[in-house]
Every structure is written in structure tokens, then in C-alpha cells.
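Computed over heavy atoms, backbone and side chain alike; hydrogens, waters and symmetry mates excluded. For the single chain, residues carry numbers from 1 onward in sequence order.
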Amino acid sequence: MIDRDGFRPNVGIILSNHERRLFWGRRVGQNAWQFPQGGIHTDETPEEAMFRELEEEVGLRPHQVTVLGCTRGWLRYHLPRRFIRRHCGPTCIGQKQVWYLLRINCGEDAFCLDKTNKPEFDAWRWVRYWQPLHEVVYFKRRVYQRALEELAPILYPDGTPEGGDALSKAGGFLLQQRR
């Protein structure tokens with residue numbers, strides 16, 4: 001499903017633990033890391049798509065998480081020209097996303113990256129809040145920044161941790177990796 005402006009509706013999932021670390025998944029067969037995300041089917045609400053994607057990509061069910069909040073509206077990013085498939089219609093120039101912030105209510109043993117025949121991730125780790133900005137593919141960076149900035153006060157009501165270079169130098173502390 002592509003909207004009239006060429007954007008594919010999508011949801012993004014920022015999954016946190018009780019230490020306010022974020023789930024960071026490595027895409028299968030790549031050295032590319034990202035948050036879980038996926039398209040919204042025509043018969044789904046964004047929240048329904050979020051729960052479907054959460055189960056498909058991470059193996060978690062609605063009762064295993066608490067929805068803390070979501071972005072107020074769509075956040076858009078454009079695909080680089082080399083990734084735009086113009087020979088098949090309609091042309092998708094990027095994605096528009098609603099981002100959800102969730103907290104896990106279960107143990108890490110509940111995570112399952114191969115729930116589907118075509119898994120999205122082959123490993124994962126917990127990272128500090130701003131670390132994804134320094135590791136995500138460049139064309140998604142601005143959307144990640146906007147989502148993290150908008151949702152930070154929910155996870156950090158007493159003040160958001162400093163971002164930018166300080167956390168980039170500190171690193172994302174590999175805490176857990178699963179296959």
C-alpha cells in the first residue's frame with residue numbers, strides 16, 4: 001500500500017527494558033542494525049500492525065509488553081534514489097511511520113527472532129537510548145532522531161539523558177545477543 005504522495009505506511013517499534021535500554025536488532029546477513037518496523041496492511045490500524053510486527057520480528061505478544069506511547073503523527077523519510085524501484089507501480093519514494101514506545105513485561109527468554117519463515121533479525125542487543133542515532137543507516141537517522149526526541153519524556157520524565165557525541169563515544173554496551 002503506497003499513499004498518493006509515494007510513501008508506504010509503516011510502524012516503528014522502540015522496545016525498552018526496565019533499565020531503559022532499547023532493543024537493537026541486526027538485520028539478517030548484514031552488519032546493519034535497526035529497530036523493529038514494518039508495513040501497515042490495508043485492513044489494520046497502526047496499533048494492530050505494531051503488535052503483528054512485534055510478534056513476527058521479536059516473537060513478543062501483546063500481554064508481554066506495555067504500550068507507553070506513540071508519536072503524534074506520521075514521521076517520513078525518503079529512500080535514496082538508488083533504492084527506488086521505478087519499474088513497478090506505484091512508485092514508493094519512502095516511508096511514513098507511526099512510532100511506538102513499549103516496555104517489556106517478560107524475560108528475555110521470550111524473545112524469538114525466527115517466528116516466521118523469513119526473519120528480519122539474526123541477533124539483538126540492549127543499547128543506551130541515543131545509540132541508534134549513530135548506528136542506523138543514514139537515510140533513517142532523522143526519523144529515528146525525531147521519534148526518540150518525541151518519546152524520550154515518556155521514558156525519562158525527570159529529564160532526557162544527553163545524546164549526541166557523549167553517548168556515541170560511550171558505546172552501546174552489548175548486553176545480549178540471540179540467534
Inset, instruction - Identify whether Tyr144 and Tyr156 are in the same connected component of the hydrophobic contact network (ILVMFWY, side-chain heavy atoms under 4.5 Å). - result: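 Both belong to a single hydrophobic cluster.
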Inset, instruction - Would you please name every residue forming a side-chain contact (heavy atoms from CB on, under 4.5 Å) with Glu120, sequence neighbours left out? - result: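 Listed in chain order: Arg27, Gln34, Glu57.
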Legend entry - Contacts of Leu68 that satisfy side-chain contact (heavy atoms from CB on, under 4.5 Å) - sequence neighbours left out: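 Testing Leu68 for side-chain contact (heavy atoms from CB on, under 4.5 Å), a comparison that skips the adjacent residues, returns Ser16, Thr66, Leu101, Arg103, Ile154, Leu155.
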Legend entry - Residue pairs fulfilling ring pair (Phe, Tyr, Trp, His ring centres under 6.0 Å) with at least one residue in residues 46-79, sequence neighbours excluded: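 Listed once each, the pairs are Phe7-His78, Tyr77-Phe139.
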Legend entry - Salt-bridge criterion met for Arg61 and Glu55 (N-O under 4.0 Å):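 Yes, this pair counts.
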Legend entry - Arg52 and Glu48 ion-paired at < 4.0 Å: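 No, no charged N to carboxylate O under 4.0 Å.
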Inset, instruction - Please assess Met50 against Val67 for the test side-chain contact (heavy atoms from CB on, under 4.5 Å), listing each intermediate value before the final yes or no. - result: CA-CA 10 Å; Met50 180 271 298; Val67 177; 4.0 Å; yes
Separation between [atom1] of [X] and [atom2] of [Y], rounded to the nearest 0.5 Å:
| X | Y | atom1 | atom2 | value |
| --- | --- | --- | --- | --- |
| Leu15 | Phe111 | CG | CZ | 5.0 Å |
| Thr71 | Glu149 | OG1 | CD | 13.0 Å |
| Arg72 | Leu75 | CZ | CG | 9.0 Å |
| Lys140 | Leu133 | NZ | CG | 13.5 Å |
| Asn117 | Glu56 | CG | CD | 11.0 Å |

Inset, instruction - State whether Trp33 and Arg125 meet the cation-pi test: NZ (Lys) or CZ (Arg) under 6.0 Å from the six-membered ring centroid, and within 45° of the perpendicular axis. - result: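 Cation-pi check for Arg125 and Trp33: passes.
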Legend entry - Among Phe35, Trp130, Phe121, ring-ring contact (aromatic ring centres under 6.0 Å, His included) partner for Trp24: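 The passing option is Phe35.
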Legend entry - Audit row: Glu44, Met1, side-chain contact (heavy atoms from CB on, under 4.5 Å) steps and yes/no: CA-CA 12 Å; Glu44 289 180 312; Met1 182 171 82; over 6 Å; no
Legend entry - Side-chain heavy-atom pair Trp99, Val143 within 4.5 angstrom cut-off: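 Sidechains of Val143 and Trp99: in contact.
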Inset, instruction - Taking the side chain as every heavy atom from C-beta outward, state whether Arg21 and Tyr129 have any atom pair closer than 4.5 Å. - result: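 No; the side chains remain at least 4.5 Å from each other.
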Inset, instruction - Can you spot which of Gln97, Glu53, Lys96 makes a side chain to side chain donor-acceptor pair (under 3.5 Å) with Asn10? - result: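 Testing each of Gln97, Glu53, Lys96 against Asn10, the sole residue satisfying side chain to side chain donor-acceptor pair (under 3.5 Å) is Gln97.
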